[in-house]
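Below is one structure, written out as structure tokens; the observations come after it.
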Amino acid sequence: MIDFDKELNEMIANKNLMNSYKLYFLKALIVNTSNNEKEFDFYEMACWMCAYSFSDVCALGKRIRPLDKLYDAAVLIIEKEDLLEASKISEVYDAVANTKDKELKQLINSLCDYVPYRLLAYLWQQELKGKTDRQKNQIIEELSRSEGKSVYSIFSISLRKKRIEVNPEWATFITNSRKRLIPWIDEKIDLFVRKGC
């Protein structure tokens, strides 16, 4: 039996959090996953990350951590899509999901270069030890689709098109627990953002 709460806490344990990406990626999963909605493109997830982080990084007025590019994305979104700092989550999501601006699109795409993989990395620490980032991504892709430990994996990563598929047990857990999971992830984000100040 999977202890879902334990797994969620392990995914975003402080020892594994260098930037805010995992937190906003996980929030996107918690808010948008249901028993009927389990598949998401990397770009879609990156758009949600931008939307959920927008008010936080605008209020902070700088990067949450030195290498965290969600602030850079917010600045570019304001500049290229003519949004206000007070824009709603849905406005930010729509603007970035439908942008025609190549520079903005490229930055948003880059947000998911590693985060879907790193959210799962805690499951296979031994297998990933000493590997390059590219090798880690390939190993995590394969292991996320394998039998065995994959039952603990919140999602699997598609080989062909960059997308994730939330595992059915996790989709049910998220659907049934959403009301308590949203305040939980919001608290984790708030602590991380305040710690970065």
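The basis for the numbers below is simple: all heavy atoms, side chains too, and nothing from hydrogens, waters or symmetry mates.
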**Report entry** Single-linkage hydrophobic cluster Phe4~Ile182, side-chain heavy atoms < 4.5 angstrom
**Finding:** yes
Check your understanding: Is the backbone N or O of Arg63 less than 3.5 Å from a side-chain atom of Asp68, with the two atoms forming a donor-acceptor pair by type?
Key -> no
By salt bridge (charged side-chain N to carboxylate O under 4.0 Å, His left out), Glu142 pairs with (sequence neighbours left out) none
*Side-chain donor-acceptor contact under 3.5 Å, Thr99 with Glu81*: yes
Between Tyr43 and Val96 the two heavy atoms that sit nearest each other are OH-O, 2.8 Å
Per side chain to side chain donor-acceptor pair (under 3.5 Å), Tyr117 is matched among Gln138, Glu141, Lys136 by Glu141
One should read off an interatomic distance between Arg163 CZ and Phe42 CZ, to the nearest 0.5 angstrom, of 10.5 Å
dist Glu79:CD -> Asp101:CG (nearest 0.5 Å) comes out at 8.5 Å
For residues 53-72, the ring pair (Phe, Tyr, Trp, His ring centres under 6.0 Å) pairs (sequence neighbours left out) are none
*Cluster check Tyr93, Ile164: I/L/V/M/F/W/Y, side chain < 4.5 angstrom*: yes
Rounding to 0.5 Å, atoms CG (Leu29) and CG (Leu181) come to a distance of 11.0 Å
Note: Asn32 and Ala28 closest approach over all heavy atoms is ND2-O, 2.8 Å
Output for pair (Asp113 CG, Lys162 NZ), nearest 0.5 Å, gives 9.5 Å
Arg65 and Leu17 have their tightest heavy-atom pair at NH1-O, 4.0 Å
Show, in sequence, the C-alpha distance, side-chain angles and deciding distance for Leu123 and Ile140, and conclude whether the side-chain contact (heavy atoms from CB on, under 4.5 Å) test is met. CA-CA 9 Å; Leu123 291 169; Ile140 292 167; over 6 Å; no
Determine whether Tyr114 and Ile154 fall in the same hydrophobic cluster, where Ile, Leu, Val, Met, Phe, Trp and Tyr are linked whenever their side-chain heavy atoms lie under 4.5 Å apart.
no
Please indicate whether Lys69 has more than 12 foreign heavy atoms, meaning atoms of other residues, nucleotides or ligands, lying under 6.0 Å from its NZ.
no
- prompt: Is the side chain of Gln125 donor-acceptor paired with the backbone N or O of Tyr122 at a distance under 3.5 Å, no angle test?
  reply: yes
For this session: Examine distances only and state if a side-chain atom of Ser144 and a backbone atom of Ile157 form a donor-acceptor pair shorter than 3.5 Å.
Result: yes
Taken to the nearest 0.5 Å, the spacing of Ile174 CD1 from Ile30 CD1 works out to 6.5 Å
Ile89 meets the side-chain contact (heavy atoms from CB on, under 4.5 Å) criterion, sequence neighbours left out, with Trp48, Ala51, Tyr52
So the side chain to side chain donor-acceptor pair (under 3.5 Å) pairs with at least one residue in residues 166-182 (sequence neighbours excluded) are Asp5-Arg180, Asn35-Thr172
For the residue pair Glu37 and Ser34, confirm or rule out a side-chain donor-acceptor distance under 3.5 Å. no
So the side chain to side chain donor-acceptor pair (under 3.5 Å) pairs with at least one residue in residues 181-191 (sequence neighbours excluded) are Lys27-Asp186, Asp190-Arg194
Nearest heavy-atom contact between Pro168 and Lys38 is CA-CD, 4.4 Å
Mind checking whether Met18 and Met49 sit in one hydrophobic cluster, side chains of I, L, V, M, F, W, Y counted as touching below 4.5 Å? no
In short, Ile77 meets Cys50 closest at the heavy-atom pair CD1-CB, 4.1 Å
Quick check: does any side chain N or O of Ser20 sit under 3.5 Å from a backbone N or O of Leu23, one acting as donor and the other as acceptor?
-> no
Can you see whether Tyr24 engages Asp56 through a side-chain donor-acceptor pair at a distance of less than 3.5 angstrom? yes
Applied to residues 6-23, the salt bridge (charged side-chain N to carboxylate O under 4.0 Å, His left out) test, sequence neighbours excluded, yields Glu10-Lys15
task: For the pair Asp133 and Arg118, find out whether any cationic side-chain nitrogen is under 4.0 Å from an anionic carboxylate oxygen.
output: yes
query = Yes or no on side-chain contact (heavy atoms from CB on, under 4.5 Å) for Glu165 and Phe155, after CA distance, side-chain angles and deciding distance?
reply = CA-CA 5 Å; Glu165 183 176 349; Phe155 54 78; 5.8 Å; no
Q | Shared hydrophobic cluster for Val75 and Val92 (ILVMFWY, side-chain gaps under 4.5 Å) | A | no
Interatomic distance, CZ@Phe192 vs CD1@Ile185, rounded to 0.5 Å, equals 11.0 Å
Original post:
Would you say the side chain of Ile12 lies within less than 4.5 Å of the side chain of Leu119, judging by non-hydrogen atoms?
Top reply: yes
Legend entry - Donor-acceptor contact present, side-chain Asn19 to main-chain Tyr21, <3.5 Å: no
Nearest heavy-atom approach of Ala95 to Leu83 is CB-CD1, 3.8 Å
Pair Ile78, Leu84 - check side-chain contact (heavy atoms from CB on, under 4.5 Å), show working.
CA-CA 6 Å; Ile78 290 168; Leu84 302 173; over 6 Å; no
